[in-house]
Amino acid sequence: MNVAVIGTGYVGLVTGVVFADLGNDVICVDKDASKVEKLSRGEPTIYEPGLEEMLQRNIRDNRITFTSDLAAAAVKADVIFIAVGTPPKSNGESDLAQVQEAAEAIARALDRYKIIVNKSTVPVGTGNFVRDLIIANRRQKVDFDVVSNPEFLREGSAIQDTLKPDRIVIGAPSKTVAMTLLELYAPLERPMMITDVESAEMIKYASNAFLATKISFINAIADLCEKVGSDVLQVAKGMGFDNRIGAAFLQAGLGFGGSCFPKDTLSLIHISTKFDEDNELLHTVVAINERRVPRFCERIEARLSPLKGKQIGMLGLAFKPNTDDLREAKSLEIIQFLLDGGARVKAYDPVAMSGAAALVPELELAENAYAAAEGADALVIVTEWNEFKLLNLERVKSLMAQPIVFDGRNIYSPERMQALGIEYHSIGRGIRKSHD
Ligand code: NAD
């Protein structure tokens, strides 16, 4: 099938590369010419495990090309995916400017029947919005359909998630239209659900808001665990064995960040308000999340006071492991707090350091985790990269000015840290009374 994908961010690039790998002819479009240039040379513009190899293989086999010429790509395609950004406005509402720009450009290029697929996360009603834009801007009176096909991939495992999604949701105006998308996804042999456009759009928001709720729920429990002497890791494990609950998204820590959960939860709140539904639950989910970093920072400050002149080592900058994405990354909030207090911050992250340095020029970068610990008055764990779990902690201790670790992701065992003589502050692990 001839496929065009508009937007080569985390979603568009991975979608395009995987469709090409399944044997389709794919043209990926981005208005950022530097991205097009890099991708055309086979150089990924984002860090995503397995992406580089798949990208280069499909360029070599002529199944994928990159361009800034949206009109040319649209003319060639039978199916056009819109995978542009939908960032939040200051009131939480999704900004649909990129979707609008893409839809209008598609309309002007429309020369025969095509299916236009919204893969971006968009509020309910955007299918109709895109439909109206195309009708208003098309130059030839040709027919078309708009489908909603929300994306559920996770950064850090985007290729695997796209090859093996838990489900593929297709919101289409008719079964006949849905069939084309079914055909495109058929080689993946995964569960597919056909529904109406509005329900598909809501499935995406409801799913992300539910996962965000799980995270805020366990974080609220974690705070209580600290007071009553329970260990939130044990509590989450015990809860997770229950099939009705499940173990996923029950990791207490610094809260949810990244480019999706915060913005999608706020957008759903905005939709609720627009339709006169209050949605207190989601307000609370967001409020709990917003307290995570200040609470963590207050603990650091209380222990190290005054922060002025202190050197802090930081492990992890990306909003989660296996990605270089820094959008809504907790590291940035914590760094700002520490710098404002007069501390120096020396950080290490396997892939997100150049992006962080561009955002925070005062940030010092370390070559590796040990270099971040060297001379530090405290080490702060922000992203749970696997390599941090396997550090030689005796060496870490010997390098530090004072062996104090603030672990925002609970990657170490308090007992082991105690045995090593490292003062360890983690999340939701209350001090238990020993009955030995
Ligand atoms: P992104 O910001 O990384 O990428 C968007 C890309 O679109 C950019 O490269 C931009 O230059 C390009 N673009 C914007 N307008 C354009 C236009 N008119 N023509 C051509 N190119 C244009 O975004 P992303 O993280 O890939 O997310 C895309 C959408 O998918 C968002 O709605 C997001 O909420 C949703 N989503 C993201 C993820 C994720 O993990 N990142 C997961 C599921 C869904």
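In this text, all values refer to a predicted model and were calculated from it rather than measured experimentally. Atoms within each ligand, like the ligands themselves, are counted from 1 in listed order.
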Row check, Phe144 ring normal vs Arg131 NZ/CZ: under 6.0 Å, within 45°: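 Checked: cation-pi criterion met.
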Gap separating the NZ atom of Lys214 from the OG atom of Ser216, nearest 0.5 angstrom: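 Spacing of NZ (Lys214) from OG (Ser216) equals 13.0 Å.
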Minimum-distance pair of heavy atoms, taken over all atoms of Met314 and Ile334: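 Scanning both residues, the minimum pair turns out to be CE-CG2, 3.7 Å.
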CD (Glu43) with more than 12 external heavy atoms under 6.0 Å: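 Correct, the count exceeds 12.
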Does one side chain, of [X] or [Y], offer a donor that lies under 3.5 Å from an acceptor on the other?
| X | Y | value |
| --- | --- | --- |
| Ser267 | Ser94 | yes |
| Arg167 | Ser207 | yes |
| Tyr113 | Asp78 | no |
| Lys76 | Asn2 | no |

Please list the nearest protein heavy atom to [atom] with its residue and the distance rounded to 0.1 Å.
| atom | answer |
| --- | --- |
| atom 39 (C) of ligand 1 | Glu155 OE2, 3.4 Å |
| atom 11 (O) of ligand 1 | Asp30 OD1, 2.6 Å |
| atom 44 (C) of ligand 1 | Thr121 OG1, 3.5 Å |
| atom 37 (C) of ligand 1 | Val11 CG2, 3.3 Å |
| atom 14 (C) of ligand 1 | Gln98 OE1, 3.1 Å |
| atom 13 (N) of ligand 1 | Val84 CG1, 3.7 Å |
| atom 17 (C) of ligand 1 | Lys31 CD, 3.9 Å |
| atom 19 (N) of ligand 1 | Ile6 CG2, 3.6 Å |

Distance filter under 4.0 Å to [X] heavy atoms, resulting ligand 1 atoms:
| X | answer |
| --- | --- |
| Tyr10 | 3 (O), 24 (P), 25 (O), 26 (O), 41 (N) |
| Gly85 | 5 (C) |
| Ser259 | 41 (N) |
| Ala83 | 28 (C) |
| Lys35 | 8 (C), 9 (O) |

Which is closest to [atom] by heavy-atom distance: [options]?
| atom | options | result |
| --- | --- | --- |
| atom 3 (O) of ligand 1 | Gly7, Pro88, Gly9 | Gly9 |
| atom 32 (O) of ligand 1 | Leu153, Thr86, Thr15 | Thr86 |
| atom 33 (C) of ligand 1 | Arg327, Lys263, Glu151 | Lys263 |

Stepwise side-chain hydrogen bond (donor to acceptor under 3.5 Å, both in side chains) test for Arg416 and Tyr424: CA-CA 10 Å; Arg416 187 164 163 236; Tyr424 183 56; over 6 Å; no
Pair Lys31 + Glu101, salt bridge at N-O below 4.0 Å: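 The answer is yes: the pair qualifies as a salt bridge.
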Centroid separation Tyr185 to Phe19 less than 6.0 Å: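 For Tyr185 and Phe19, the ring centres are under 6.0 Å apart.
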Polar atom proximity, Asp264 to ligand 1 (N or O, under 3.5 Å):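 Asp264 vs ligand 1: no N/O contact under 3.5 Å.
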Ligand 1 versus Arg154: contacting region, heavy-atom distance under 4.0 Å: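 Neither part.
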